[in-house]
Each structure stands twice: as structure tokens, then as C-alpha cells.
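In the text below, chain A, chain B and the rest are named by the order of the sequence lines, each starting its count at 1.
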Amino acid sequence: MSAKTLRIEGVTRSFPGQRGGAPTLALQPTELSVAPGEFVAILGPSGCGKSTLLRIVAGLDQPTAGRVLLDGITVTAPGPDRGMVFQSYTLFPWLTVEGNIRYGLRERGLPEAQQAEIAARFIARTGLRGFENHWPRQLSGGMQQRTALARALANDPEILLLDEPFGALDHQTRELMQELLLEIWEADRKTVLFVTHDIDEAIFLANRVLVMSARPGRVKAEVPVPLAYPRDWRMKTTPEFGALKARLMGEIRDEVRKAIAAAG
Amino acid sequence: MEPLKPVSPATRVVLGAGFFAVFIAAWAAATYGGWVPPLFLASPGRTLLAGWSLLTEFGFLGDIAVTIWRVVGGFLIAAAVAVPLGLLMGAFKPIEAFFEPFLSFARYLPASAFIPLLILWAGVGEAQKLSVIVIGSVFQLVIMVAGVAGATRPDLVEAARTLGSGRLAILRRVVIPAAAPQIAETLRLVLGWAWTYVIVAELIGATSGIGHMIMDSQRLLDTGQMIFGIAVIGIIGLVTDLLFKAANRRLFPWAVL
Ligand SMILES: Nc1ncnc2c1ncn2[C@@H]1O[C@H](COP(=O)(O)OP(=O)(O)O)[C@@H](O)[C@H]1O
Ligand SMILES: [Mg+2]
């Protein structure tokens, strides 16, 4: 695996003020280094700049200051080496499940047969067999996010950027999706940056959790998760899990309180 | 009847046909009942007879064919210009900024007011008829297509970019397919307007076509023929509309139109 190291150096983002107002500082200078094969969760209250950070890594947004390096090369635009799954449903409605999964492969000009073979593999891995020819509007939210995940994975990216991909799903579906993602990561060990506001989700999946402060966001704490893989759902009831959860809850509560105070 | 509650397809057809029946009944009552003198309004029977003689004796089918040809020709020319330009404007904002102000001005130019000028420029031949239709529809069509293309969901564009699409690929593989069903709907709408313009064009300086026939009938005070001509336009419009809708449903099975 030709995995690459991701470095975020002093990345800052402020948005120009609306109607002549003061600019919004969304992200304070942020430093982060992610080794190949790491699963890093970014945990923080709503509005703290998680999506902004991820979008900058994806190349969809530009930092006001600082830079993002992938194996020493500055990221300036999106590229198929960084796959992304968004919180909102972003399947192409005019393509079937299989068509969506093939999108990036077609873009790379792979031969039909190879496209079909790769698509079939990820359809199987994400549990989408039998849904290949469905239109996105015929799918449940969970199925749509499976397809979005398969679409990103099929492109074989160096890094997977996941922005609250299960945030809009109901609790049971979300837990199933977590297990699915974990299974895929345990097999492939791709670098993952996973944004969430769900503490259990962060601990269950990641080997490192970064807690972000309320806006303007910065990484305020870093909590390693020394729980062995492969993990399964029973892990969520262990004392080790509970201890980590207590610690993260403490960190996050302060920030949520600050965020609410700032908004009120 | 509950607010927003849908009706079954069968009920829909019955209700839709029902109003046609009511309309024709009112027309029959007004004319056969002597409420309106025949000079102003022919009865349904008189209209059908007039239509029959138009079709069998006066070669009205030829007029219908000529008019359809003009509508389709003018509409296709307008669409061939407007759809590509509108897509480019919707996708690329500098192009939109360049054309949009002029088009917003041009869309208010009434096509019928151009007829004297067009006769001067192009004579009374087919070029003039097509020009009226093109002028009447092209500006509106560009603006509407640009609006549809510009409304492409930005999150889909971003998803495509993270999957490796460049500028042209986004236009070809995201903006165009995303906009296609709405553009088809827009074309359906504008085709209806093209019918209005063609008749206006044929009322002045034409020697054939449905509009020309209506003008001739006016000279003879034959309201039956006039009404038959107008009804034929309505029927052709209704049929093309249904065909267009059916084609759109087949072409875009993924969309809920
Ligand atoms: N395009 C934008 N223009 C102006 N402000 C923005 C924009 N995007 C995000 N923001 C602001 O930046 C802050 C962080 O947003 P975001 O990164 O979406 O937060 P999160 O994903 O953690 O909920 C918010 O206060 C938001 O209002
Ligand atoms: Mg967000």
C-alpha cells in the first residue's frame, strides 16, 4: 500500500462578514498529522468548524492561512486521492446504485469490464447486492450512505474523509453502518478522517479522537483509544469504553456549553 | 375532497373529459338555443361541417402541415441556440454575466412587433415565419435553461469534484443530466408559445397555414371555419403536450416529474 502521510499545518479559515459585518473565524490555526492507516475521529459541537476543516483537506475550500500537505505536496484542489462522504445525501439521482459507484472509475477511463468488476466488489462489501439497478430515490437513507461509501471506496483513495456520514440516520441503522465501516477499515486500513458529534461513534471507530473547541474551532484535546481491533458492538459496554466516554463527555460538555452561551 | 390529496388516474381522466363535455354543452346551448347569433358564433354542428369542407375541399390538411412545419422548425432553431447557451450560462457565471443583461432586455421585445421589420428584411417567405418564432422563444428559453442549469445542487458538484471530475466533466456528467428533465419541461412549455407566434406570423403576409386560413375565413365571415381552425391548434397542442410528457417520463425514469 502506497499510503501517504497527511499533515495539516496552521490551517486557519475565516469567512468574510455578511452585509459588512465582522468576519467569522471558523477555524483557529490547526495542526494535525495523520499517519498512513490511522482512523482519526474529530469530535466537536455543532458549528465548531469540523466540516470546514474536512472541506479544506478535501480541497473544496481554501484555508485563509496555513496549508494541507499530502506526502509533502500541498493540496489545492479536490482529487480522487481523497474520497469524501457527506452528511447530506449526494448520490447522483440520474445514476443507479451501480452507476453512482462507477462514477469515479468512468472518470478515470477504466475499461468497462474493470469498472463492472470493481463496482461488483464494493456492492458486495457494502451489502448492496440486489440494489444495483435501483435509483437513489428508491433507497432508504442508510442504503444511500452505503452507496456513497462504496462510491468513495471504489476510487481507491489514499484518505477517506467522512463528514458525519451517519448523522442523518436513525440510531439502529447508524450502529449497523458503524460496524460496516469498521469491518471495511479493519480489512483495508485506509487512512480515515471521521467527523462526528457522537462520542460513542468516535470511540468505537477511531484509534485517536480529537476534541474540537467551540467556535472558533481548534483542537483542544487529543485522546488515544487503546482498544484492540477487531472491535465489535459488545465493546461499547466494557469499562475501558466507559472510562474513555466519561473523559470525552467531560471535554465536550464544556464546549457545548460555551457554544450555546455564544449563540444565546 | 381533502387539501392536496391526490386523485386516481381514472378519476383524473373522467374529470378532465368532464370539463370538455361541459364546455361543449355550454357552447351548444348558447348557439342552438339562439342566445348568440350565428354570425358571431357558429354552432358545434356548423363548425364540424365547416371543418369537414375545409379538410376535403380546401386542402386544409396542407395548411396544418405547413404550420406544424414552421412551429417545429422555429422551435428547433431556438432550442439549438438556447439550450447550449443556457447550459454554459448556468454553469459558468462570467458567461452568464456577459449575456444575462442583454437577454433580460431582449426577452421583453414582442415578437409580433418585429413582423413589419422582418417582412422588410426577409420578405413574406418561410424565413420570416421562422424568425418570428425564433425571436419569440429563444430569449426566454435561454434564460430559463440558464436558471435550471444554475440551480444544479452544489453538493452534487462537490461530490463529483471529490470523485475526480474536472470542469468539463462536471458540465457533461453533472450539470447536464441534473438539468435535463427540467429543460425538457421548459421546452414543452416554450413549444406552446411557439404556436402563438406562428399564428400571429401567419395572420400577416402569409399564403398558407392555419393562421392564413383563419384570416381568409374572417373575410367570408365564416365563424365555423375560424373556430374549427382555432380548435385544431388546441388539439395539436394537447397531443404534442401529451407526447412530450410521455417522452420525458421515459427519458428520465429517475426523476419524479
Ligand atoms: N460558507 C460559509 N460562509 C460563512 N460562514 C460559514 C461558511 N461555512 C461555514 N461557516 C461558519 O463557520 C462555522 C463552522 O462551520 P462548520 O465547519 O460547518 O461547523 P461544523 O461542521 O462543526 O458544524 C459556523 O459558524 C458556520 O456558520
Ligand atoms: Mg458539519
Side-chain angles (χ1 to χ4, degrees), chain A residues 51 54-55 57-61 75-97 99-110 133-139 144-145 147-163 165, chain B residues 4 6 83-84 86-87 90-94 144-188 244-257:
Chain A
S51 296
L54 216 60
R55 288 170 54 81
V57 175
L60 292 171
D61 194 7
V75 162
T76 53
D81 54 345
R82 282 150 292 140
M84 182 136 178
V85 178
F86 302 81
Q87 176 176 3
S88 64
Y89 301 125
T90 58
L91 295 184
F92 303 117
W94 55 91
L95 296 177
T96 59
V97 165
N100 267 281
I101 297 172
R102 281 181 178 218
Y103 184 96
L105 307 172
R106 233 184 98 184
E107 204 68 339
R108 284 194 347 234
L110 293 190
N133 297 318
H134 280 54
W135 302 111
R137 70 175 162 88
Q138 300 172 303
L139 300 178
Q144 293 201 42
Q145 290 307 69
T147 310
L149 188 61
R151 180 176 71 177
L153 286 167
N155 242 1
D156 195 24
E158 300 283 344
I159 299 184
L160 210 47
L161 305 170
L162 308 176
D163 189 359
Chain B
L4 303 184
V83 172
L87 283 169
F92 302 111
K93 297 306 157 190
M144 288 197 286
V145 171
V148 169
T152 306
R153 279 170 54 192
D155 56 345
L156 295 186
V157 172
E158 291 192 333
R161 294 180 68 200
T162 66
L163 291 164
S165 286
R167 271 180 296 192
L168 286 180
I170 293 211
L171 181 62
R172 203 163 48 84
R173 296 191 63 196
V174 181
V175 176
I176 291 177
Q182 280 297 322
I183 290 178
E185 278 296 294
T186 306
L187 289 172
R188 186 171 71 85
F244 233 109
K245 272 188 187 156
N248 288 358
R249 264 198 299 275
R250 278 187 74 93
L251 280 171
F252 312 114
W254 51 271
V256 263
L257 286 174

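Heavy atoms of A:Thr90 lying under 4.5 Å from chain B belong to its backbone as well as its side chain. Residue contact with chain B, scored on non-hydrogen atoms closer than 4.5 Å, is absent for A:Leu161. The contact between A:Arg82 and chain B is made entirely by backbone atoms, counting heavy-atom distances below 4.5 Å. Heavy-atom distances place both the backbone and the side chain of B:Ala178 under 4.5 Å from chain A.
Within residues 147-156 of chain B, the residues that have a heavy atom under 4.5 Å from a heavy atom of chain A are B:Arg153, B:Asp155, B:Leu156, listed by number.
Comparing A:Arg151, A:Met84, A:Arg108 by how many heavy-atom pairs each has under 4.5 Å with chain B, the most go to A:Arg151. Between chain B and the options A:Gly104, A:Ala77, A:Ser88, A:Pro80, the largest number of non-hydrogen pairs under 4.5 Å is found for A:Pro80. Residue with the most contacts toward chain A among B:Ala169, B:Gly164, B:Gly166: B:Gly164 (heavy-atom pairs, distance under 4.5 Å).
The minimum heavy-atom distance between B:Ala255 and A:Arg137, with the atom names listed, is O-NH2, 4.1 Å. Contact record, A:Gly59 with B:Arg161: O-NH2, 4.3 Å, taken as the closest heavy-atom pair. Heavy-atom minimum distance, B:Trp254 versus A:Pro93: CB-O, 3.1 Å.
With values rounded to the nearest 0.5 angstrom, B:Leu163 atom CG is found 13.0 Å from A:Arg106 atom CZ.
Residues satisfying the salt bridge (charged side-chain N to carboxylate O under 4.0 Å, His left out) test with A:Arg102, not counting sequence neighbours, are A:Glu98, A:Glu112.
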Take B:Glu158 and A:Arg55 through the side chain to side chain contact (heavy atoms under 4.5 Å, CB included) test and state the conclusion after the steps. CA-CA 10 Å; B:Glu158 291 192 333; A:Arg55 288 170 54 81; 2.7 Å; yes
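Counting only distance, with no hydrogens or angles, the side chain of B:Arg173 and the backbone of A:Tyr103 share a donor-acceptor pair below 3.5 Å.
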